[in-house]
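Accompanying notes for the structure given below.
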2 protein chains.
Amino acid sequence: MIQEKLKEYFSVVFEEDLIQEIIEVGTYKKVKENELLLDLGDKFDKIPLMLNGAIKISREDDNGDEIVLYFLERGDTCTITFGSGLTSSKSKVRGVAEKDSEVVFIPIHKLEEWLVKYKSWRNFVIDSYNIRLSEMLEAIDTLAFMKMDQRLYKYLTDKVKIMRDSTLNTTHQKIAQDLNTSRVVVSRLLKQLENEGKIKLHRNKIEVLEF
Amino acid sequence: MIQEKLKEYFSVVFEEDLIQEIIEVGTYKKVKENELLLDLGDKFDKIPLMLNGAIKISREDDNGDEIVLYFLERGDTCTITFGSGLTSSKSKVRGVAEKDSEVVFIPIHKLEEWLVKYKSWRNFVIDSYNIRLSEMLEAIDTLAFMKMDQRLYKYLTDKVKIMRDSTLNTTHQKIAQDLNTSRVVVSRLLKQLENEGKIKLHRNKIEVLEF
DNA sequence: TCTTTTGTGTAACAAAAGTTACATCTATAA
DNA sequence: TTATAGATGTAACTTTTGTTACACAAAAGA
């Protein structure tokens, strides 16, 4: 089961031998929607490799304020966990499943071993870091250069892409949490987006019309 | 000259053989204060390794708006350049010397070669990425959770640490650029910080009293 | 059914940040 | 010396965002 999925998704990326090793040492895990997958601050001795689904990665500060960083999809890994020992910061990185997802955990000591052994693993690790860095840059751009209305619309369209569904099942309150603002602000700006014809509002549901 | 400095700064980190290779293939460069070291968007076939000095890394968007991400110091490298081919984004990452600095450039194709060959290089690359990621997280925290007065004070104290000098030679206008706000806002908040006894203002100069 | 919880809409106000305008002041060049 | 450019201080105003308060509607539960 896990073997088949690993082969199906990663045979293009990884050498046969490496896939075999992943099957041997990896731990398979199913994560239900809204379940907490990882919580840093915790020490992390394994790294997650996404088989399918979607994980929302967010940052939380001491006051419980939160901000969404990006989403993980099939084939992604969460490189931030590699260095969880280093960051002495109080803030946390959290990963919560946005839909039912499947993940393989790989013991962290294999990371270096495989760097020597497999070219495909070297590429994968370097690429993962680069993708993560550029996603962090995108988050920084969003925070630094966009107003809340633009941030909100970006959030909605990003989520539509990840969920592969133009109708989002969510509430204004939850969106406000993800953007670190208040429910009233979100309601106000959503109504504005609706008036501009970009979305359609329902209870517990938002249709995104253009994206 | 470059040999001595490399040995002096990196003999603790790198194996003897690796330092020898760096000396052979690296290109040494002096960068004067305010000089542009790197500008991404440009393709980058070499990665910088800091010998000494300080480089300000900032993000610039299409409109020319800018935001400072972090500073590089001795021993740092700029992992963002590794993946410069990937990021198709229009925005740019820039590196400008904050003081006279010395840098060794390493051809990017050596990166993978050395990953296989040297354990110290593997650690260095992974550590660099992790440090960079956590610095990006800090930038995100600052943008997401702090008001402008706090961001300004953090900027001043961070810069004092990097410059190893509690008196900063700068202008309100330059600070405003680094924080992506306006000169008037900076002047207003600086005056407020002065009234709180945290800094002392002079023409072209700011003394940071506590940090 | 009636009650309670949850989600949404909106007004009124407060705080933070951005903008425009102008007055000084200082260093430097002509 | 005088003129000019750059730097700072500050008032007045606008826009954006955050807060408080309350009305109402839909869903869930008793």
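Across the protein-nucleic acid pair, B/I175 atom CD1 and D/dA7 atom C1' stand 12 Å apart, rounded to whole Å. In this structure, the CG atom of A/L201 is 15 Å from the P atom of D/dA26, given to the nearest Å. Atom C1' of nucleotide C/dA17 and atom CZ of B/R151 are separated by 11 Å, given to the nearest angstrom. Atom-to-atom, NZ of B/K147 to P of C/dG18 comes out at 13 Å; the value is rounded to the nearest Å. Atom NE2 of A/H172 and atom P of D/dA26 are 15 Å apart (whole Å). Regarding A/L190, its CG atom lies at a distance of 8 Å from the P atom of C/dG9, rounded to whole Å. Here D/dA5 presents its P atom at 17 Å from CD of B/Q173, a figure rounded to the nearest Å.
Of the options B/V185, B/D149, B/N195, B/I199, a side-chain contact (heavy atoms from CB on, under 4.5 Å) to B/L190 is made by B/I199 and by none of the others. With A/E194 as reference, A/K191 is the one residue of A/K191, A/Q192, A/K198 to meet the side chain to side chain donor-acceptor pair (under 3.5 Å) rule.
The side chain of B/R203 sits closest to C/dA27 out of C/dG9, C/dA27, D/dT17. Candidate nucleotides D/dG9, C/dG9, D/dG18 were compared by shortest atom distance to the side chain of B/K191, and D/dG9 ranks first. Each of D/dT19, C/dG7, D/dG9 was ranked by its minimum atom distance to the side chain of A/V185; first place goes to D/dT19. Here the nucleotide nearest the side chain of B/S187, chosen from C/dG9, D/dG18, D/dT10, is D/dT10. When the nucleotides C/dT20, C/dT8, C/dG18 are ranked by their closest atom to the side chain of B/S182, C/dG18 comes out on top. Residue A/R188 has its side chain nearest to D/dT17 when only C/dT8, D/dG9, D/dT17 are considered. Ranking C/dT10, D/dG18, D/dT10 by closeness to the B/V184 side chain, first place goes to D/dT10.
Both B/N204 and B/N180 lie close to DNA chain C; mapped to their nearest nucleotides by heavy-atom distance, the more 5′-ward contact belongs to B/N180. If B/E194 and A/T181 are placed on DNA chain D by their nearest nucleotide, the residue sitting closer to the 5' end is B/E194.
Atom-to-atom distance recorded for A/S166:OG and A/L156:CG is 11.5 Å, nearest 0.5 angstrom.
Residues B/F14 and B/L6 fail the side-chain proximity criterion, which asks for heavy atoms closer than 4.5 Å.
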Next item on the list: Applying side-chain contact (heavy atoms from CB on, under 4.5 Å), run through B/F71 and B/I55 and close with a yes or a no.
Entry: CA-CA 5 Å; B/F71 296 91; B/I55 307 287; over 6 Å; no
